[in-house]
Student: 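The structure's right below; bear with me while I get my questions together.
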Number of protein chains: 2
Amino acid sequence: MAGSTRDAIVDAATALLDEGGPAAVTLREVGRRAGVSHNAPYKHFADKETLLAAVAARELHAYAALLTTDSEGGIAAALTAYLNQALSHPARFRLVFGPWTSDDARLGDAADTARDALLDAVTASQRTGELPAGDPIALAELLRATSHGAIELALGGHLAKNGSTTTPADLVSRLLALLAP
Amino acid sequence: MAGSTRDAIVDAATALLDEGGPAAVTLREVGRRAGVSHNAPYKHFADKETLLAAVAARELHAYAALLTTDSEGGIAAALTAYLNQALSHPARFRLVFGPWTSDDARLGDAADTARDALLDAVTASQRTGELPAGDPIALAELLRATSHGAIELALGGHLAKNGSTTTPADLVSRLLALLAP
DNA sequence: ACCTGAACACCGTTCAAGT
DNA sequence: ACCTGAACACCGTTCAAGT
């Protein structure tokens, strides 16, 4: 079972992150859950940050897969899948797009894969007329910015305040309506 | 000098946050810089999180002030000021809109003040015709979501990649152009 | 009311040693 | 090649005591 311990470590770290945020991810508890000693992770990852980078990379690949699968339903379906994944795994979302001191190569590659998947969904939707012509990169960046901001505001409780019942999906829908040719 | 020690503590925490991110804000270093012992902060704040909440509340008031002052130049000027403040103090931005386990009352009030200031800028711009009629709250939320997402992507290095030179200001400008009546 | 110094529990990381 | 147990430095927090 090559990499079985490594996988168990990443699984444990992801579960702890989901349960209690970054503060709950201690190498001691990770080791305990993975059935190894508290410093066995150092045989697989340089340090805690590199372990978290592996968790983030895995999540970025999940985003890429979602965007690819659901882009057949157009950009609206792809973005809906993106929002759902982010909102149901908030700690992972914040980890992925939070501050990274070291630039792990795997993490950068995973980020590129997710970005490319969104770009493909945008160009496909331009062909079907769901989105207007023009630079697809700029279009993808605008869609992503609004989606991320909506997610962040929702996670922080800054949305749906003072009688407002706005959801991230509402904000993205409105942007798509503005963009529609 | 009532509150002088307290101010020195908040100042030191803010400076450490700017210099090295949240990890650099240790109560021991805060105390050292403020000229007090490493646990004097506990006489002014319940714990580290409450101290950081004070830093965040202060920054939120700065956002509110910027939005109020520059809203005379219309929503474009107000949002430009917002982007500039966020991009020049990235760690504070992430602290303010990051995950909060406790809901400090001061922090909630400060967030409301900033949100109201943006809302005022929006309604003013609706009067001058810079923004279309319609629910100003929904409009403010859309503008804020796009601004926040653009800031987050820029801070994470996900913008201006692969030959793209997009800035947060570009994305917000594009949204404003789409919204213009 | 505000502050200090010692102490405690916990965590990331390193090291010598085992298989 | 992978893992363990002891050890070190550092941090948040608490406590008894001082002014």
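First the proteins, then the strands, lettered A, B, ... as listed; each starts at 1. Just the heavy atoms: all of them, side chains too, but no hydrogens, waters or symmetry mates, feed the values below.
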Student: Assign each of A:His38 and A:Lys43 to its nearest nucleotide of DNA chain D by heavy atoms, then name whichever residue's nucleotide is nearer the 5' end.
Tutor: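 Upstream on the strand: A:Lys43.
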Student: Report the distance from atom CG of A:Leu60 to atom OG1 of A:Thr113, rounding to the nearest 0.5 Å.
Tutor: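 Rounded to the nearest 0.5 Å, the CG-OG1 separation comes out at 8.5 Å.
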Student: State plainly whether the residues A:Glu29 and A:Arg32 are in salt-bridge range, i.e. N to O under 4.0 Å.
Tutor: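 Here A:Glu29 pairs with A:Arg32 in a salt bridge, since their nearest N and O are under 4.0 Å apart.
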Student: For the pair A:Phe97 and A:His148, name the ring-plane relationship: parallel under 30°, tilted 30 to 60°, perpendicular over 60°.
Tutor: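 The rings of A:Phe97 and A:His148 stand perpendicular, inter-plane angle above 60°.
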Student: Listed in order of residue number, which residues of residues 44-57 of chain B have a non-hydrogen atom at under 4.0 Å from DNA chain D?
Tutor: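 Those residues whose heavy atoms fall under 4.0 Å from DNA chain D, taken from residues 44-57 of chain B in numerical order, are B:Asp47, B:Lys48.
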Student: Do A:Ser4 and A:Asp7 have side-chain atoms, one donor and one acceptor, less than 3.5 Å apart?
Tutor: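 Result is no, nothing qualifies.
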Student: Dot-bracket, DNA chain D: Watson-Crick or G-U, under 3.5 angstrom, [ ] crossing, | other strand?
Tutor: ||.|||||...|||||.||
Student: So that I can tick it off, tell me whether B:Asp11 and B:Arg6 are bridged by a salt bridge, with the cut-off set at under 4.0 angstrom between side-chain N and carboxylate O.
Tutor: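 Salt bridge: no.
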Student: Does a side-chain heavy-atom distance below 4.5 Å link A:Leu175 with B:Leu175?
Tutor: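 SC-SC contact between A:Leu175 and B:Leu175 confirmed.
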Student: Of all heavy-atom pairs between A:Pro41 and A:Ser37, which one has the smallest distance, and what is that distance?
Tutor: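 Heavy atoms only, the tightest pair is CD-O, 3.7 Å.
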Student: Going by the rule side chain to side chain contact (heavy atoms under 4.5 Å, CB included), which residues pair with A:Val36 if we only count those two or more places apart in sequence or in a different chain?
Tutor: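 A:Val36 satisfies side chain to side chain contact (heavy atoms under 4.5 Å, CB included) with A:Thr5, A:Ala34, A:Ala40 once adjacent residues are dropped.
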Student: First and last nucleotide of DNA chain D touching chain B, 5' to 3', heavy-atom cut-off 4.0 Å?
Tutor: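 The contact span of chain B on DNA chain D goes from D:dC11 to D:dC15.
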Student: Parallel, tilted or perpendicular: which fits the ring planes of A:Tyr63 and A:Phe93, with parallel below 30° and perpendicular above 60°?
Tutor: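 Perpendicular.
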Student: Listing request: all salt bridge (Lys or Arg N to Asp or Glu O under 4.0 Å) pairs with a residue in residues 43-52 of chain A, at least two apart in sequence or in separate chains.
Tutor: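 The answer is none; no pair qualifies.
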Student: Which of residues 14-29 of chain A sit near DNA chain D, with a heavy atom under 4.0 Å from it?
Tutor: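 The stretch gives A:Arg28 as the residues lying under 4.0 Å from the strand, ordered by number.
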Student: Could you pull out the closest heavy-atom pair between B:Ala13 and B:Val25, with the gap in Å?
Tutor: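 In terms of heavy atoms, the two residues are closest at O-CG2, 3.8 Å.
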Student: May I ask you to decide whether B:Asp109 forms a salt bridge with B:Arg106, counting only side-chain N to carboxylate O separations under 4.0 Å?
Tutor: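 No salt bridge links B:Asp109 with B:Arg106.
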